Amino acid sequence: MGAEEFEALVTSVLDELPDEMVEGLDNVIFLVEDAHPDEDLLGIYEGVAITDRGQYGFGELPDRIMVYRLPHLETSETVEALRHEVRTTIVHEIAHFYGIDDAQLHELGWA
């Protein structure tokens, strides 16, 4: 799957997420790249979790949620499986924005 088609899939998955999950996302952007430069990751949250923010306001650079295309393509044999894996990755990274760590995500089945 090419980059444009994968980005469209990511956008579609984001659009389908429950409003309660995305309404609280403040100053967050979603980006798609081919792969993380140093690690084998499906996605990553880069920013300060809302639970760790002190004074936060105007002029702050946005937090970033990266979704990596090539690792997703390697793990999924069908478009349906790919869509499921992208959704899991996005929910996982959004959870980090809300201050949920990997241990809690494992307990919830999102890691």
Side-chain angles (χ1 to χ4, degrees):
M1 176 179 291
E4 286 183 21
E5 190 176 359
F6 186 80
E7 284 188 34
L9 184 139
V10 168
T11 300
S12 173
V13 168
L14 281 167
D15 289 344
E16 294 169 0
L17 292 176
D19 290 341
E20 302 82 36
M21 185 180 296
V22 295
E23 284 176 346
L25 296 176
D26 180 32
N27 204 25
V28 178
I29 60 172
F30 290 82
L31 300 168
V32 173
E33 290 189 359
D34 279 342
H36 188 277
D38 302 318
E39 299 179 61
D40 186 23
L41 301 173
L42 295 173
I44 192 168
Y45 167 69
E46 297 174 336
V48 178
I50 199 163
T51 55
D52 296 332
R53 293 180 180 179
Q55 285 191 313
Y56 186 86
F58 182 76
E60 300 286 338
L61 291 175
D63 292 359
R64 301 178 347 152
I65 292 178
M66 306 295 297
V67 179
Y68 298 113
R69 182 176 68 95
L70 297 177
H72 276 93
L73 295 178
E74 291 172 6
T75 63
S76 305
E77 294 184 21
T78 66
V79 173
E80 182 178 308
L82 177 62
R83 181 176 209 79
H84 176 77
E85 193 61 47
V86 166
R87 185 179 193 283
T88 300
T89 299
I90 290 173
V91 169
H92 179 108
E93 303 310 334
I94 288 173
H96 287 314
F97 168 84
Y98 287 115
I100 301 172
D101 64 21
D102 282 335
Q104 291 170 300
L105 286 168
H106 277 291
E107 290 174 16
L108 297 170
W110 289 102

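Values in this document were obtained by computation on a predicted structure and should not be read as measured data. What you see below is based on every heavy atom in this structure, not just the backbone, and it leaves out hydrogens, waters and symmetry mates.
Here L41 sits in one hydrophobic cluster together with I29, L31, I44, M66, Y68; the rule is ILVMFWY side chains under 4.5 Å apart, joined directly or through other members.
When the salt bridge (charged side-chain N to carboxylate O under 4.0 Å, His left out) test is applied to E46, the partners found at least two apart in sequence or on another chain are R64. Legend: residues meeting side chain to side chain contact (heavy atoms under 4.5 Å, CB included) with H84, ordered by chain and number and at least two apart, are T88. Looking at residues two or more places apart in sequence or on another chain, you find a salt bridge (charged side-chain N to carboxylate O under 4.0 Å, His left out) between E16 and R83. Among residues two or more places apart in sequence or in another chain, the side chain to side chain contact (heavy atoms under 4.5 Å, CB included) test is passed with T78 by E80, A81. Shown here are the ring-ring contact (aromatic ring centres under 6.0 Å, His included) partners of F6, two or more places apart in sequence or in another chain: H72.
Distance CD1/I65 to OH/Y45: 7.0 Å, rounded to 0.5 Å. Taken from CG in L14 to CD1 in I94, the straight-line distance is 6.5 Å, to the nearest 0.5 Å. Rounded to the nearest 0.5 Å, atoms NE2 (H106) and CG (D101) are 9.5 Å apart.
Cluster annotation: L42 is not connected to V86 through the hydrophobic network of ILVMFWY side chains, with a link wherever side-chain heavy atoms come within less than 4.5 Å.
Residues E33 and L70 are not in side-chain contact: their nearest non-hydrogen atoms beyond the backbone lie 4.5 Å or more apart. Contact of the V10 side chain with the I90 side chain is registered, since non-hydrogen atoms from C-beta on lie closer than 4.5 Å. Between V67 and V13 the shortest side-chain heavy-atom distance does not fall below 4.5 Å. Using a 4.5 Å heavy-atom cutoff, the side chains of T51 and Y98 are not in contact. Under the 4.5 Å side-chain criterion, counting only non-hydrogen atoms from C-beta, D63 is not in contact with L25.
Here the closest heavy-atom approach between residue E85 and residue S76 is recorded as CB-OG, 3.9 Å. Among all heavy-atom pairs drawn from L61 and N27, the shortest one is O-ND2, 3.4 Å. Nearest heavy-atom pair across G99 and Q104 is O-OE1, 3.9 Å.
Formation of a donor-acceptor pair under 3.5 Å by the S12 side chain with backbone atoms of A8 is not found in this model.
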